[in-house]
Amino acid sequence: MSFTEAATFPVAFLTIHETLVNKARLAAGETVLVHGGAGAVGLAVLQCARRQGARVLATAGSETKRDLLRTLGVEDVLDSRSLDFVPRVRELTGGRGVDVVVNSLSGEAIAQGLDLLAPNGRFVELGKRDIFLNTPLGLRPFDRSLTFIGFNLDAVIGAPALASRLLADFEAELRSGGYRPLPHTVHPAARVDEAFHLLQHSRHTGKVVVSFDPLDEPVPVEPAPGAPRPDAEGTYLITGGLSGLGAATARRLAEGGARHLALVSRRGSAAPEAPALLRDLAERGVKATAYAADVTDEAALRGVLDAVDATGHPLRGLVHAAMHLDDAVLADLDDERFAAVLAPKALGAALLDRLTAERAPDLDLFLGHSSVSAAIGNPGQSSYAAANAYLEALARARRAAGRAGTALAWGPIGGTGYVARSGMGTAMAERGLELLTPEEVLATADRLLAEGVEVAGAGRYRWGAARHLLPALSTPRFGRLAPASSVTSPDARAELLRTLKGLSADEAVEKITDTLLGLLATVLQTDPADLDARRNVTDYGLDSLLGMQFLVRARDLFDIRLAPADLATGRTLGHMARLIHQRLEPRR
């Protein structure tokens, strides 16, 4: 067989052979009900059941998939998009029920599946949602001597004796031709996104295979770079290095192997955080020296560099983390206030660039900590955005001249620095700019430096929320991040909330339910008329990615917090509408 055919085997057939043959002991003459029959596992069930001499009833979510199953010889094919299959299974089995259910549905379908089992029946649970959610399971059906099999292939593969037996059985079936390759579609690795979109919307049958065939469109593959290693004999200078992100950077360099640090701030060793930081670095075996110098003072910076030269450990790298903030709308800023913010980042970087070129042209690190504000702006931080934009331009200019230069634009950072001191974290998160931890920032910086980027940004953003407050996000440049079609305008939201406020509780819940139906239909790419608000939302094949898209749209529309738990098993759109209405109530 080809490599792509072989790729369709392992997970599906190992799962089904272990559950149907070894655990459920499927026998000739018995009946199996399998959900998602046109998927890889469902088609593997079809092959395995026929090998055992059993009859198969199958469900599928679309007419195309049901036609495929009929073409493959399944006589009784039902619709998995609703619970209408339950009475049909009873009818097809003369009221007796089935001997085995292979289940991948969630919610009410599990209870209904147990009720469909004949005495001594076996229920094979392959889904994960209800297991991870710890969904309660009624025991009353087990009076018929039923067996519930919760299966995880990882647990079998992780047990050497079980894995060896299963792999031997599987190999024997392959050699005898008992199991054959599954239907599949092949996608070149260069277009792997198409494969994931196919899976996301459940438009595939059988397996989706990603191919690295040399005849396919070539895929650029490069080894992952290792983290940069500081020179233990050199000195690394950090401006703003005695507090906030600068101090965190000092500790990171020490962890990476740096043994000589020059930490510059206006107050030097008199800075409140200095004693603890210097003591911590000394305990790590690092010689760290605090220098009092203003980064906008050329003479003071020359003095620091002269002192570094005198240590005998030449300057090898520089991190520019000095900054100053004075937030105000542009109309309220005069030249002096604007320059006070611009100077530490922009003038300081320019001086460091010129002075280090005179005495240390072979730096292996010239890193500037920038901000997302340089790209998306901020109505109260025009001077700060301008300073960061200069820092990024300087990094590009240094690279063009063949010198080290990197600017990394961060989203807001919690735990240390200005945001932590000012208590602005909650307000920024509400605006769609959620906080990074210092550890996340520095780990990402290591990776980006190893990749050799000039300018890059990293943050945790909810672009839909941020778009209403930051006009730049409405421009074509950011259209792929926050497309207008997926974002609710403040006017539309206000109109909806005003409408709800004028309705009775029952009318408001009905209006919210209809709105949610439209949102869910958009996410599922279907007609709202095909959806039932009384049905469990998880029954519509809403996986974690689609579920999050639905939640984000609902949160944005109603301007309330909705968590993934609100989509847990047993939740209908009607239930969610009542939940949203309750959370809107305090505003009424």
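Atoms considered below: every heavy atom in the structure, side chains included; atoms not considered: hydrogens, waters and symmetry mates. By convention here, the first residue in the shown sequence is residue 1.
Taking the salt bridge (charged side-chain N to carboxylate O under 4.0 Å, His left out) definition, one finds that Asp532 meets it with Arg534, sequence neighbours left out. Applying the salt bridge (charged side-chain N to carboxylate O under 4.0 Å, His left out) test to Asp115 and every residue at least two apart in sequence or in another chain returns nothing. For Arg25, the salt bridge (charged side-chain N to carboxylate O under 4.0 Å, His left out) test picks out no residue, with sequence neighbours left out. Phe13 is linked by a ring pair (Phe, Tyr, Trp, His ring centres under 6.0 Å) to Phe9, Tyr179, counting only residues two or more places apart in sequence or in another chain. With sequence neighbours excluded, no residue forms a salt bridge (charged side-chain N to carboxylate O under 4.0 Å, His left out) with Arg555. Residues satisfying the side-chain contact (heavy atoms from CB on, under 4.5 Å) criterion with Thr437, sequence neighbours excluded, are Glu439, Glu440. In this structure Leu72 satisfies the side-chain contact (heavy atoms from CB on, under 4.5 Å) test together with Leu43, Leu46, Leu68, sequence neighbours excluded. Phe151 meets the ring pair (Phe, Tyr, Trp, His ring centres under 6.0 Å) test with no other residue; sequence neighbours excluded.
Residues Glu125 and Asn152 are not in side-chain contact: their nearest non-hydrogen atoms beyond the backbone lie 4.5 Å or more apart. Residues Phe123 and Val102 have side chains not in contact (no heavy-atom distance under 4.5 Å, counting atoms from C-beta outward). A 4.5 Å side-chain heavy-atom check between Ile376 and Tyr461 finds every atom pair outside the cut-off. Here the side chains of Leu33 and Leu116 are in contact, with some heavy-atom distance below 4.5 Å. With a 4.5 Å cut-off on side-chain heavy atoms, Ile413 and Pro438 count as touching. The side-chain heavy atoms of Leu166 and Val156, taken from C-beta on, include a pair separated by under 4.5 Å. A heavy-atom distance below 4.5 Å is found between the side chains of Leu126 and Val41. The shortest side-chain heavy-atom distance between Leu520 and Leu573 falls under the 4.5 Å cut-off.
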*Begin with the C-alpha distance, continue with both residues' side-chain angles, and end with the deciding distance and a verdict on side-chain contact (heavy atoms from CB on, under 4.5 Å) for Arg90 and Arg96.*
CA-CA 7 Å; Arg90 295 192 189 282; Arg96 176 181 176 276; over 6 Å; no
*Walk me through it: do Asp79 and Arg88 pass the test salt bridge (charged side-chain N to carboxylate O under 4.0 Å, His left out)?*
CA-CA 10 Å; Asp79 185 358; Arg88 283 287 295 142; over 6 Å; no
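To the nearest 0.5 angstrom, Phe142 atom CZ is 6.5 Å from Leu139 atom CG. Note that CG of Leu20 and CD1 of Ile149 are 8.5 Å apart. Values are rounded to the nearest 0.5 Å. Distance check, rounded to the nearest 0.5 Å: CG of Asp193 to NE2 of His197 gives 5.5 Å.
The stretch residues 43-52 participates, sequence neighbours left out, in these side-chain hydrogen bond (donor to acceptor under 3.5 Å, both in side chains) pairs: Arg51-Glu173. For residues 29-39, the salt bridge (Lys or Arg N to Asp or Glu O under 4.0 Å) pairs, not counting sequence neighbours, are Glu30-Arg122. Each salt bridge (Lys or Arg N to Asp or Glu O under 4.0 Å) pair with one or both residues in residues 133-160, not counting sequence neighbours, appears once here: Arg140-Asp143.
In the model, Thr4 has a side-chain atom that pairs as donor or acceptor with a side-chain atom of Ser2 under 3.5 Å. Side-chain contact, Ser80 with His35: no donor N or O sits under 3.5 Å from an acceptor N or O.
Taking every heavy atom of both residues into account, Ala12 and Leu182 meet most closely at CB-CD1, 4.0 Å. Taking all atoms of both residues into account, the shortest heavy-atom contact from Gly411 to Val372 is CA-CG1, 4.1 Å. Here the closest non-hydrogen pair linking Gly113 and Val101 is O-CG2, 3.8 Å. Scanning all heavy atoms of the two residues, the minimum distance from Thr499 to Leu503 falls at O-CG, 3.3 Å. Listed here is the closest heavy atom pair of Cys48 and Val21: SG-CG2, 3.6 Å. Scanning all heavy atoms of the two residues, the minimum distance from Val186 to Ser211 falls at CG1-CB, 3.5 Å.
Residue-environment remark: CD (Glu75) stays at or below the threshold of 12 foreign heavy atoms within 6.0 Å.
The main-chain N or O of Ser504 is found under 3.5 Å from a side-chain atom of Glu507 such that the two form a donor-acceptor pair.
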Quiz: residues 509-518 side-chain donor-acceptor pairs under 3.5 angstrom, not counting sequence neighbours:
from, atom 1, to, atom 2, distance (Å)
Thr513, OG1, Val509, O, 2.7
Thr515, OG1, Lys511, O, 2.9

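Between Arg165 and Glu18, at least one side-chain nitrogen of the basic residue sits less than 4.0 Å from a carboxylate oxygen of the acidic one, meeting the salt-bridge criterion.
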